[in-house]
Asker: 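Here it is, the structure in full.
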Amino acid sequence: MRQFDLAPLYRSTVGFDRLFSALDQFATAEAAPTYPPYNIERTGENAYRITVAVAGFTESDLSIEVRENALTLKGERKAEAKAEFLHQGIAARTFERRFQLADHVQVTGAALENGLLHIDLVREVPEAKKPRRIQIATAGTPSAPVIEGEVRKDAVQQQAA
């Protein structure tokens, strides 16, 4: 496995400590779980879908939980009558899979169809967190009185009409 040195990125960023520590953990993870297999796809500008292959599981065997910025998916098959298999290639063992969610990402729904569990996510950034343009006032034109002057001018025109 390749080793990546993220130290140069620490010098040029501020406030991304969690991101880099998560990348460090990901890079050093030796025994990352591989079951069940999953896909993460982007379905829109701020919409995502996690698709997990859960063949053999029913809705009652699966549970999805969101706590803080972590999505946890658990699967546990209920005990059935013991069958005698000549070959068992379909793995239906108990699992727990965790996904770390970015800030402002919400789970909007989940659906199970054809052995695939689809979990839909959307990123909804609050208006207070969205970027906004700040007007720069020059020394000769204070910003607040100019706005009030324009309002008064409009109000005077409306009253005159």
Side-chain angles (χ1 to χ4, degrees), residues 1-136 143-144 147 151:
M1 179 175 206
R2 295 183 187 175
Q3 294 292 331
F4 296 102
D5 184 20
L6 300 175
L9 297 175
Y10 285 115
R11 293 190 303 252
S12 62
T13 60
V14 176
F16 290 94
D17 301 336
R18 278 188 34 207
L19 172 68
F20 291 126
S21 63
L23 286 173
D24 280 337
Q25 288 175 353
F26 177 73
T28 59
E30 294 175 11
T34 59
Y35 179 78
Y38 65 93
N39 293 337
I40 300 176
E41 61 183 302
R42 186 179 197 149
T43 58
E45 186 175 336
N46 288 319
Y48 305 90
R49 174 177 270 188
I50 299 173
T51 302
V52 184
V54 290
F57 287 88
T58 63
E59 291 92 351
S60 61
D61 296 335
L62 300 169
S63 70
I64 302 171
E65 180 180 288
V66 178
R67 182 177 296 167
E68 296 173 4
N69 284 356
L71 170 68
T72 305
L73 174 63
K74 294 179 184 177
E76 184 175 357
R77 295 220 22 210
K78 306 296 185 257
E80 295 179 2
K82 195 69 172 172
E84 183 179 334
F85 290 102
L86 300 177
H87 172 75
Q88 185 174 9
I90 299 173
R93 60 184 181 260
T94 301
F95 68 89
E96 181 174 329
R97 172 72 74 167
R98 294 180 192 271
F99 298 94
Q100 194 67 32
L101 301 178
D103 292 335
H104 313 296
V105 173
Q106 303 294 323
V107 176
T108 58
L112 181 64
E113 71 179 63
N114 299 328
L116 297 174
L117 176 65
H118 302 287
I119 303 170
D120 294 316
L121 308 159
V122 66
R123 180 176 47 204
E124 296 175 350
V125 179
E127 288 295 323
K129 300 281 185 176
K130 289 183 180 176
R132 60 178 193 239
R133 185 170 297 278
I134 306 299
Q135 184 68 30
I136 301 173
S143 60
I147 293 173
V151 170

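Side chains are part of it too, since the values below use all heavy atoms of this structure and drop only hydrogens, waters and symmetry mates. The shown structure was predicted, so the numbers you read here are calculated from the model rather than taken from an experiment. This chain uses plain numbering: 1 for the first residue, then up along the sequence.
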Asker: Would you call Glu76-Lys74 a salt bridge at under 4.0 Å N-O?
Answerer: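 Not counted as a salt bridge, because no side-chain N and carboxylate O are separated by less than 4.0 Å.
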Asker: Please give me the minimum heavy-atom distance between Pro36 and Val52, naming the atom from each residue.
Answerer: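 Scanning both residues, the minimum pair turns out to be CG-CG1, 3.4 Å.
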Asker: Hey, what do you get for CZ (Arg97) to OH (Tyr38), rounding to the nearest 0.5 Å?
Answerer: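 Rounded to the nearest 0.5 Å, the CZ-OH separation comes to 5.0 Å.
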Asker: Test of understanding: with side chain to side chain donor-acceptor pair (under 3.5 Å), list the residues that count as partners of Arg133, not counting sequence neighbours.
Answerer: none
Asker: Find the distance between CG (Leu71) and CD (Glu65) and round it off to the nearest 0.5 Å.
Answerer: 9.5 Å
Asker: Go through the structure and list residues passing side chain to side chain donor-acceptor pair (under 3.5 Å) with Thr58, not counting sequence neighbours.
Answerer: Ser60, Asp61
Asker: For residues 43-53, which residue pairs pass the salt bridge (charged side-chain N to carboxylate O under 4.0 Å, His left out) check, not counting sequence neighbours?
Answerer: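 As it turns out, the salt bridge (charged side-chain N to carboxylate O under 4.0 Å, His left out) pairs with a partner in residues 43-53, which skip direct neighbours, are Arg49-Asp120.
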Asker: At their closest point, which heavy atom of Ala53 faces which heavy atom of Leu116, and how far apart are they?
Answerer: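 Reported closest heavy-atom pair: CA-CD2, 3.8 Å.
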Asker: Is a side-chain N or O of Arg98 found less than 3.5 angstrom from the main chain of Ala70, in a donor-acceptor match?
Answerer: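 It does not hold such a pair.
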Asker: For Arg67, I'd like to know if atom CZ has over 12 heavy atoms of other residues, nucleotides or ligands within 6.0 Å.
Answerer: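 For Arg67, atom CZ is not crowded (no more than 12 foreign heavy atoms under 6.0 Å).
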Asker: OG1/Thr72 to CD1/Ile64 distance, rounded to the nearest 0.5 angstrom?
Answerer: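 Between Thr72 OG1 and Ile64 CD1, I get 10.5 Å after rounding to 0.5 Å.
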Asker: Leu62 and Gly75: which non-hydrogen atoms are nearest, and at how many Å?
Answerer: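 Closest approach of Leu62 to Gly75, heavy atoms only: CD2-CA, 3.9 Å.
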Asker: Output every pair passing ring-ring contact (aromatic ring centres under 6.0 Å, His included) with a member in residues 43-63, not counting sequence neighbours, ordered by first then second residue.
Answerer: Phe57-Phe95
Asker: Could you list the residues that satisfy side chain to side chain donor-acceptor pair (under 3.5 Å) with Thr51, not counting sequence neighbours?
Answerer: His118
Asker: Go through the structure and list residues passing side chain to side chain donor-acceptor pair (under 3.5 Å) with His104, not counting sequence neighbours.
Answerer: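 For His104, no residue satisfies side chain to side chain donor-acceptor pair (under 3.5 Å) once neighbours in sequence are set aside.
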Asker: Of all the heavy-atom pairs spanning Asn69 and Gln100, show the shortest one and how long it is.
Answerer: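 Nearest heavy atoms, Asn69 then Gln100: O-NE2, 3.3 Å.
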Asker: Begin from the C-alpha positions of Asn46 and Glu124 and carry the test side chain to side chain contact (heavy atoms under 4.5 Å, CB included) through to its verdict.
Answerer: CA-CA 7 Å; Asn46 288 319; Glu124 296 175 350; over 6 Å; no
Asker: Could you go step by step and tell me if Ile119 and Leu117 meet the side chain to side chain contact (heavy atoms under 4.5 Å, CB included) rule?
Answerer: CA-CA 7 Å; Ile119 303 170; Leu117 176 65; 4.2 Å; yes
